[in-house]
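One is the number of the first residue; the rest follow in order along the sequence.
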Amino acid sequence: MKITLYYAPIACSLVPFVSLNEAQADFEVSPINIRGKEQMSPDYLKLNPKHKVPLLIVDGEPLTENVAIQYWISKTYPDANLLPSGTWQEAQGLSLLSWFASGFHPHISRCNAPSGFCDVPGTEDNVRNLAKKTLMSSFQIADDMLTGQDFFFDHFTTADAYFFWCFRRTGMFDVDLSGFKNCQAHFERLSERPSVQKVLAFEKETLAKFKARS
Ligand SMILES: N[C@@H](CCC(=O)N[C@@H](CS)C(=O)NCC(=O)O)C(=O)O
């Protein structure tokens, strides 16, 4: 099986990158420079007309959307236990992934590019502030879920990888997350995992290559 992950530094494609590392999968990574608009190139649009990462190509067939990609990785590498087992618990895992994809990610996108959501001049701060408010209340819910727990379930799952990205990316904006002690501890715990450290090292290298090219 030939697997290629289309990945961009900082972006949510970190999540399947971590999961594939956790699964010890044999895969290639194809870096995309989002700032350089490589996702809009005709070649990339042929692969993913939605012009987004992550994109997984498995034996020539594309799979888009983080939740679906995480599901596929967890089913393809069952030994890695990337979702909890049993139909009910698995659904709980999908529930968390869906929440991160729909309850966090779009608000993070608003912080990143507010004018893509409202183009009325002078409204950028309003869009950002509303998004931050929603994110803060969602982080409070996640913080409560993580009380007394190392992970969202009784072991590491792909939901932890997705939440790691949400917390890391939100922290890159002018927002104080220090009050979310359980989320912070979860973030530090995840940062120490070899699967995550590998991705962060790759990210650093890739950003340096992009900079050298520009
Ligand atoms: N619904 C998609 C969202 C993916 C997404 O928004 N990716 C961003 C990076 S975090 C992206 O590729 N943006 C580039 C663009 O929109 O042109 C998913 O969950 O996979």
Side-chain angles (χ1 to χ4, degrees), residues 7-23 34 53-54 66-67 69-70 73-74 80-84 89 92-114 124-208:
Y7 152 94
I10 315 293
C12 60
S13 45
L14 170 149
V15 186
F17 199 162
V18 170
S19 300
L20 287 164
N21 283 344
E22 290 279 345
I34 286 187
V53 291
N66 231 330
V67 177
I69 292 172
Q70 298 310 312
I73 296 170
S74 75
N81 288 317
L82 291 171
L83 277 177
Q89 283 298 94
Q92 297 294 345
L94 291 173
S95 169
L96 272 181
L97 290 175
S98 308
W99 183 41
F100 301 150
S102 65
F104 286 77
H105 195 303
H107 300 286
I108 294 171
S109 305
R110 281 166 174 76
C111 292
N112 188 40
E124 291 203 354
D125 282 349
N126 296 62
V127 173
R128 273 206 184 96
N129 289 338
L130 279 171
K132 284 179 190 172
K133 204 171 152 195
T134 305
L135 284 165
M136 295 301 266
S137 71
S138 297
F139 279 120
Q140 186 57 61
I141 297 168
D143 205 66
D144 293 342
M145 285 179 173
L146 285 168
T147 304
Q149 307 220 153
D150 283 356
F151 305 110
F152 281 94
F153 295 96
D154 61 1
H155 64 280
F156 172 90
T157 66
T158 170
D160 295 294
Y162 207 159
F163 188 71
F164 172 82
W165 177 78
C166 293
F167 196 77
R168 178 178 194 241
R169 189 68 184 102
T170 304
M172 291 177 181
F173 302 105
D174 181 23
V175 46
D176 180 12
L177 300 177
S178 62
F180 304 114
K181 300 285 181 221
N182 299 322
C183 296
Q184 188 64 45
H186 179 269
F187 178 77
E188 281 156 21
R189 194 169 300 118
L190 266 277
S191 301
E192 282 167 17
R193 287 183 86 80
S195 60
V196 174
Q197 288 189 353
K198 242 178 165 173
V199 176
L200 298 184
F202 187 88
E203 176 180 89
K204 208 170 162 190
E205 251 173 57
T206 308
L207 284 171

| Interatomic distance, Leu200 atom CG to Leu14 atom CG [nearest 0.5 angstrom] | 6.5 Å
| note | Nearest heavy-atom contact between Phe104 and Ser138 is CZ-CB, 3.4 Å
| remark: Taken in chain and number order and not counting sequence neighbours, the residues that satisfy salt bridge (Lys or Arg N to Asp or Glu O under 4.0 Å) with Arg169 are none
| said: Quick check on the 6.0 Å ring-centre criterion: do Phe163 and Phe187 meet it? | reply: no
| task | Report yes if the side chains of Asn66 and Pro54 come closer than 4.5 Å at any heavy-atom pair, otherwise no. | result | yes
| Derivation and outcome, side-chain contact (heavy atoms from CB on, under 4.5 Å), residues Leu96 and Phe152 | CA-CA 9 Å; Leu96 272 181; Phe152 281 94; 3.5 Å; yes
| said: Give me each pair satisfying salt bridge (charged side-chain N to carboxylate O under 4.0 Å, His left out) with a member in residues 99-112, each pair once, sequence neighbours excluded. | reply: none
| Are Glu203 and Phe17 close enough that some pair of their side-chain heavy atoms sits under 4.5 Å apart? | no
| Is there a side-chain contact (heavy atoms from CB on, under 4.5 Å) between Cys111 and Thr170 once you walk through the steps? | CA-CA 8 Å; Cys111 292; Thr170 304; 5.9 Å; no
| message | Looking only at the side chains, is there a donor atom on one of Asn81 and His155 sitting less than 3.5 Å from an acceptor on the other? | response | no
| Residues which pass ring-ring contact (aromatic ring centres under 6.0 Å, His included) with Phe156, listed by chain and number, not counting sequence neighbours | none
| Can you name the side-chain contact (heavy atoms from CB on, under 4.5 Å) partners of Ser74, sequence neighbours left out? | Leu82, Leu83
| task | Taking side-chain contact (heavy atoms from CB on, under 4.5 Å) as the test, write out the residues that go with Asp176, two or more places apart. | result | Ser178
| message | Once side-chain contact (heavy atoms from CB on, under 4.5 Å) is applied, do any residues pair with Ala101, and if so which ones, sequence neighbours excluded? | response | Val67, Tyr162
| Would a 4.5 Å heavy-atom cut-off, applied to side chains only, mark Trp165 and Phe100 as touching? | no
| said: Nearest 0.5 Å, please: how far is CZ in Phe139 from CE in Met145? | reply: 12.5 Å
| said: Ignoring hydrogens, what is the shortest heavy-atom contact between Leu97 and Ala159? Give both atom names and the distance. | reply: CD2-CA, 3.7 Å
| Do Phe164 and Val15 have side chains that get closer than 4.5 Å, going by heavy atoms? | no
| Atom CD of Gln149 and atom CG of Asp160: how far apart are they, to the nearest 0.5 Å? | 9.5 Å
| message | If I take atom CG from residue Leu177 and atom CZ from residue Phe167, how far apart are they, to the nearest 0.5 angstrom? | response | 4.5 Å
| note | Heavy atoms of Ser195 and Asn21 approach each other most closely as O-ND2, 3.1 Å
| task | Go through the structure and list residues passing side chain to side chain donor-acceptor pair (under 3.5 Å) with Ser19, not counting sequence neighbours. | result | Gln70, Thr158
| field | Residue list, side-chain contact (heavy atoms from CB on, under 4.5 Å) with Asp143, at least two apart or on another chain | value | Gln140, Phe180, Asn182, Cys183
| field | Within residues 7-20 or reaching into it, pairs that qualify as salt bridge (charged side-chain N to carboxylate O under 4.0 Å, His left out) - sequence neighbours excluded | value | none
| request: Only pairs at least two apart or in different chains count here, so list each salt bridge (charged side-chain N to carboxylate O under 4.0 Å, His left out) that has a residue in residues 183-200. | output: Glu22-Arg193, Asp150-Arg189
| message | Under the side-chain hydrogen bond (donor to acceptor under 3.5 Å, both in side chains) definition, can you give me all pairs with a residue in residues 92-108, not counting sequence neighbours? | response | His105-Ser109
Could you pull out every donor-acceptor pair under 3.5 Å between side chains of residues 130-137 and any protein atom, sequence neighbours left out?
from	atom 1	to	atom 2	distance (Å)
Lys132	NZ	Asp174	O	3.1
Thr134	OG1	Leu130	O	3.1
Ser137	OG	Thr134	O	3.1

